[in-house]
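First the structure, in the form of C-alpha cells, and then the observations on it.
Lettering of chains follows the sequences in order, A, B, ..., and the numbering in each one begins at 1.
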Number of protein chains: 2
Amino acid sequence: MTDFAELPILGILGGMGPAAAVDFQQRLLDTSIVTRDQEHIPAIIWNHGGIPDRQLAINHLGQSPLQAMLVGLKVLEQSHVAKIAIPCNTAHFWHRDLQQHTDIEIFHMVELTVQQIVKHYKFGEKVGILATQGALSTELYQRELAKYDIPYVIHAEQVIEQELMPAVYAVKRNQLAEAGPILHALSQRLVDAGASYIILACTEIPIALHAVQSPILKISFDTTQILANTCVDWFYE
Amino acid sequence: MTDFAELPILGILGGMGPAAAVDFQQRLLDTSIVTRDQEHIPAIIWNHGGIPDRQLAINHLGQSPLQAMLVGLKVLEQSHVAKIAIPCNTAHFWHRDLQQHTDIEIFHMVELTVQQIVKHYKFGEKVGILATQGALSTELYQRELAKYDIPYVIHAEQVIEQELMPAVYAVKRNQLAEAGPILHALSQRLVDAGASYIILACTEIPIALHAVQSPILKISFDTTQILANTCVDWFYE
C-alpha cells in the first residue's frame, strides 16, 4: 500500500458547470502519458452544480457562490488533496477569497493562461477574449493582460448578452450543436477585429467548439487545456 | 443556500480505471435532462487509479485492492454522499465487503444489469458475457444470470487472456483505435456462438466500442449506462 498512500491527490472544485469539470478530467486523461491505471493522476472531484449562478451573483441578481464553493473546498481539504484546480474562469473572481481559506495551493487558471500567452506573444499582436459577461465585467483577463501590456479585443456588452451568454447556457443544457456555430462565429468576429489569438475564457466554450470541430481551436488558448497541462506538469515533474 | 445544502450527493468510487470513471460521469451528464447547472446530479468522485490491480489480486498475483477501496469509501462517507456507484464490474467482487463497511447504499452494477436483461429476455435466448479474466473467474455474471435460468456464452480462457485482456489494458493506455476492433470482433464471435445480446461487463469495453462506433452497441447491455440510468432514476424520481 506504500505507493498508493503516498501518491499526491489533485482536488477539483467543479460544478461550474458540471460538464466543464468532466471535460477537464477527460483532458487530464488525454494529456497524461500512462501505461496503466496506477500511473494516472489520483483525483477527487467535487462536482456540485448546485453552486449559485456566478453570472447572476456578479450582476447582483443572485446570491454569492462563495459559501457553496467553500463547502466544496472543505470536502477537498479534509480529503487531503495536494493541489486544487477550478475548471471555471468566472469562478476565479473568488480565487483570492478561496485561497485565503486554505493552505493548499489553488492553481490560478487566469494567471496560467496569460503566462502561456506571454510566451507566444509577438509585439503588435492583439488577443481576443471570449468570455462571459461576469468574467468580462470583473476584468479578470483584461487586468492580467494589462500587466504585460498586451492589447486585447472583446465584444460589445450587447453581443455578449444576446449571443454569447445564450450559447454558454446552451452548453450547460448539453446543446452543443446549437452552441458551437455561435461560439465559432463570435471567435471569428474577434479575429476580424484584429485578434491574432482567442482566449477561450469560459470552460463551456471549448466543449462546444470541439463538438463542431471549429478551426478557431488552432489559434486558441484553451483555458481548460492550460489548467490540465499545469496539473500534469505538477504531477509528473 | 437551502436548496444547495439539501441536494443529495452521489458518491462515485472510481479509479477502476480512471477513464471508466470519467466515461461514467459523461453518461450521467448525457442522461440527465437539465436546463441549467443547478439541475445536474451533485457528485463527489474519488478517482484514484492507484488502487491495486483487481485482475492480479483475483489471480493471487498482487495485493488486494480492498484496503485502497476502503480509503475511497471513507472519503465519500465523510463527504456525506447519499448513494455510491462503482463504475467497474470486476470491483463488484468486493461489493459485499465494501457494503459491510458502510450504511450508505452501494448500487450493485451486476444485479442491476441482470435485472435489465430479465426485463428484455425471451425464452431460448442466450446472453454473451464480454468480461475480464477476473470478472469471469469469480463468476460475477454467471451466478447472477443462473438465478434467473438465463443461459450464457463466454470465451475460452485462452481467448480472454490473449485477446480480451490486452485490449482492455490498451483502453487503460487510451489506445482506443487499437482496442475497439478487437473488442468488436470478440463481441461478434459471441453472437456467432449464439448470443442474442452482449453484456459489456467491463467498463473499459464501451469506451472502445463507442470510439470505433461498433454496431455491437445496438445489441449490448452497457453496464456503465445501466449504472448511470439507475443513478439518474434515483436522483430525479
If you count heavy-atom pairs under 4.5 Å between each of Val75(A), Ile51(A), Ile9(A) and chain B, which one has the most?
Ile51(A)
If you define the side chain from C-beta out and look only at heavy atoms, does anything of His48(B) sit under 4.5 Å from Leu7(A)?
yes
Cut-off 3.5 Å, side chains only: do Gln78(A) and Gln78(B) have a donor facing an acceptor?
no
Heavy-atom pair of closest approach, residues His40(B) and Lys172(A)
NE2-O, 3.7 Å
In this structure, are over 12 heavy atoms from other groups packed under 6.0 Å from Leu61(A) atom CG?
yes
Pick one of side chain, backbone, both or neither for Leu10(A), based on which atoms fall under 4.5 Å of a heavy atom in chain B.
neither
Report yes or no: does Gln26(B) contribute a side-chain atom to a donor-acceptor pair with the main-chain N or O of Val22(A) at less than 3.5 Å?
no
For the atom pair OG1 (Thr35(A)) and CG (Asn174(B)), what is the distance rounded to the nearest 0.5 Å?
12.5 Å
Chain A contact via Ile41(B) - which portion, at a heavy-atom distance below 4.5 Å:
backbone
For residues Ile44(A) and Asn47(B), determine if any side-chain heavy atom of one lies less than 4.5 Å from a side-chain heavy atom of the other.
no
Among Gly14(A), Gly17(A), Pro18(A), Gly15(A), residue most engaged with chain B (heavy-atom pairs, under 4.5 Å):
Pro18(A)
Toward chain A, the part of Asp23(B) with a non-hydrogen atom under 4.5 Å
neither
Apply salt bridge (charged side-chain N to carboxylate O under 4.0 Å, His left out) to Asp37(A) and Arg173(B), showing your working.
CA-CA 8 Å; Asp37(A) 286 350; Arg173(B) 290 191 303 271; over 6 Å; no
Heavy-atom check, side chain of Phe4(B) versus side chain of Val71(A), under 4.5 Å:
yes
